[in-house]
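Here is the structure we will look at, set down as structure tokens.
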There are 2 protein chains.
Amino acid sequence: MRIGELSKRAGVPVPTIKYYVREGLIPGGERIGPNQARYGEEHIHRLKLVRAMVDVGKLSVAATREVLSAIDSPGSSLHDVLGIAQAAVTPQVTAGDRAVWAAAEHEVAELVRRRGWVVKESNPARQALAQLVVTFRDLGQQDLLAILDDYASVAERLAAAELAAIGHREGVDSKVEGAVLGTVLGDALIGAMRRLAQADASHRAFHTAVPG
Amino acid sequence: MRIGELSKRAGVPVPTIKYYVREGLIPGGERIGPNQARYGEEHIHRLKLVRAMVDVGKLSVAATREVLSAIDSPGSSLHDVLGIAQAAVTPQVTAGDRAVWAAAEHEVAELVRRRGWVVKESNPARQALAQLVVTFRDLGQQDLLAILDDYASVAERLAAAELAAIGHREGVDSKVEGAVLGTVLGDALIGAMRRLAQADASHRAFHTAVPG
DNA sequence: AGAACTTGGAGAGATACACTATCCATATGG
DNA sequence: CCATATGGATAGTGTATCTCTCCAAGTTCT
């Protein structure tokens, strides 16, 4: 198939496909002439994958490229690919006050220890969580930090469920893709779900309690 | 205090403060002359609030303005403010295939019914979730949708914990701010937590299982 | 008092990102 | 055969978030 058909079937404009090829997100077509190339089904899937990460998962094009190249690299394990995907979706934090920051990092380390989690010191999610802790404190919302453990136990359950679902699959490639998509799209998924549950909880608390 | 001191104490550059005032995120100082204005402690807090939403919560300046004006408006209830905050953090979806889309929306409605949740038809989280469902399907990851109910029950628990924590507070303003920050920063919080738990789960599954 | 600096306000410029548009020398297809 | 499509490269667009510059009017230092 040529680029026009690829564009139609994947629902992506031709110039955008060219852009993605330039940026290294998808491989170019198989060259069959000086200005002709052929594309296959795998290009369609790859294109959908890119759109899922960029549009739905809100990854930048650069982050998407990193995740995809991790998926592509043949030598890396599922665990490694997951680490790269996590790094790509975790925003870098902006540093703040030294002492406050150190305290927050220690608090995160303490939580990890309490849970019995094995997490590398270098995992960027540590800093991300520490920044949240600092932010809540700084805004006088320290009482909300009491539910950190609720978040932790819930996260544990989600991770287990996700990994179990992926474990049922056959083939490493399929597992890798599932794990990465779980990481990238899972944020949006739990976010949307949280909002539905929150709307319901808020409804219960503030409407049914006030009859007439 | 003048703008220079405000800048130092809040950790925000002077031009950025001016920009935020222009954009209506923070009120201007109390005018005490043709080119003099005075700022108070409340400006510091407001500025920190803005930075938390923009930097940590990744809200756009426009979305931040909407959330803040909801907080400011005296007539609205906690439930209303929560709805506005939710709308601000929920990304608008890009439409796709009609039939597939309707099926996904129905699936979401079914989940909501199964859970016994009371959620408005207009809640944007419905579309967001439907888009996720469509995306997973489109990528051949429909088996991952089996854990939707896990996500739902977990979300329920989080919403309850959050509302309970806020319920302990005194004063409506304090509750409102807590609820909004829970909504806006909660996404980042569960995201970071999920990554830590996932790293641990992945470690367990793929490292301890392979001795030597 | 005079010099140097700061302020408020507004418009212009800078930077980054993710596309789009244009061009042109080939190919293709009805 | 000739309008249309293609691949590849370069340039341009739109959006968002600052950041810079300017100026007249204060303020602070000495």
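To find a chain, count down the sequence lines: A is the first, B the second, and so on, and within it residues start at 1. Side chains are part of it too, since the values below use all heavy atoms of this structure and drop only hydrogens, waters and symmetry mates.
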According to salt bridge (Lys or Arg N to Asp or Glu O under 4.0 Å), who are the partners of [X], at least two apart in sequence or on a separate chain?
{"X": "B:E41", "answer": "B:R9"}
{"X": "A:E110", "answer": "A:R113"}
{"X": "B:E66", "answer": "none"}
{"X": "A:D97", "answer": "none"}

*Using heavy atoms and a sub-4.0 Å distance, could you list which residues of residues 2-21 of chain B are near DNA chain C? By number, please.*
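Listed by number, they are B:R2, B:I3, B:G4, B:K18.
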
Those residues of residues 24-38 of chain B lying under 4.0 Å from DNA chain C by at least one heavy atom
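Nucleic-acid contacts, sorted: B:R31, B:N35, B:Q36, B:A37.
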
Take atom CZ of A:R22 and atom P of C:dC19, then tell me their distance rounded to the nearest Å.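 The distance from CZ of A:R22 to P of C:dC19 comes to 11 Å, rounded to the nearest Å.
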
inquiry  = Could you report the tightest heavy-atom contact between A:N123 and B:A199, atom names first, then the distance?
reply    =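 For A:N123 versus B:A199, the nearest heavy atoms are ND2-CB, 3.6 Å.
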
Would you be so kind as to tabulate the donor-acceptor pairs closer than 3.5 Å made by side chains of residues 127-135 of chain A, with sequence neighbours excluded?
unit_1	atom_1	unit_2	atom_2	d
A:Q127	NE2	A:E105	OE2	3.2
A:Q131	NE2	A:T94	OG1	3.4
A:T135	OG1	A:Q131	O	2.7

Check your understanding: Which residues pass the side-chain contact (heavy atoms from CB on, under 4.5 Å) test with B:A87, sequence neighbours left out?
Key ->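 Listed in chain order: B:P124.
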
**Which residues share a side chain to side chain donor-acceptor pair (under 3.5 Å) with B:Q142, sequence neighbours left out** =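 Testing B:Q142 for side chain to side chain donor-acceptor pair (under 3.5 Å), a comparison that skips the adjacent residues, returns none.
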
Exercise. Within residues 42-62 of chain B, find the residues that approach DNA chain D with a heavy atom at under 4.0 Å, and present them sorted by residue number.
Key: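 Residues of residues 42-62 of chain B that come under 4.0 Å of DNA chain D are, in numerical order, B:V54, B:S60, B:V61.
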
* Check every nucleotide of DNA chain D for an atom under 4.0 Å from a heavy-atom of chain A, then give the first and the last such nucleotide from 5' to 3'. =>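 Using the under 4.0 Å cut-off, the span is D:dT6 to D:dT10.
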
Beyond-backbone contact of [X] with [Y], side-chain heavy atoms, under 4.5 angstrom:
{"X": "A:R51", "Y": "A:Y20", "value": "yes"}
{"X": "A:R169", "Y": "B:D143", "value": "yes"}
{"X": "A:R126", "Y": "A:V112", "value": "yes"}

Distance-only criterion, 3.5 Å: show the donor-acceptor pairs between side-chain atoms of residues 173-196 of chain A and protein atoms not counting sequence neighbours.
unit_1	atom_1	unit_2	atom_2	d
A:E177	OE1	A:H45	NE2	3.4
A:E177	OE2	A:H45	NE2	2.8
A:E177	OE2	B:Q141	NE2	3.4
A:T183	OG1	A:A179	O	3.0
A:T183	OG1	B:Q198	OE1	3.2
A:T183	OG1	B:Q198	NE2	3.3
A:D187	OD1	B:R194	NE	3.4
A:D187	OD1	B:R194	NH2	3.3
A:D187	OD1	B:R195	NH1	3.3
A:D187	OD2	B:R195	NH1	3.0
A:D187	OD2	B:R195	NH2	3.3
A:R194	NE	B:D187	OD1	3.4
A:R194	NH1	A:Y151	OH	3.3
A:R194	NH1	B:E162	OE1	3.1
A:R194	NH2	B:G182	O	3.2
A:R194	NH2	B:T183	O	3.1
A:R194	NH2	B:D187	OD1	3.3
A:R195	NE	B:T90	OG1	2.9
A:R195	NH1	B:D187	OD1	3.3
A:R195	NH1	B:D187	OD2	2.9
A:R195	NH2	B:D187	OD2	3.4

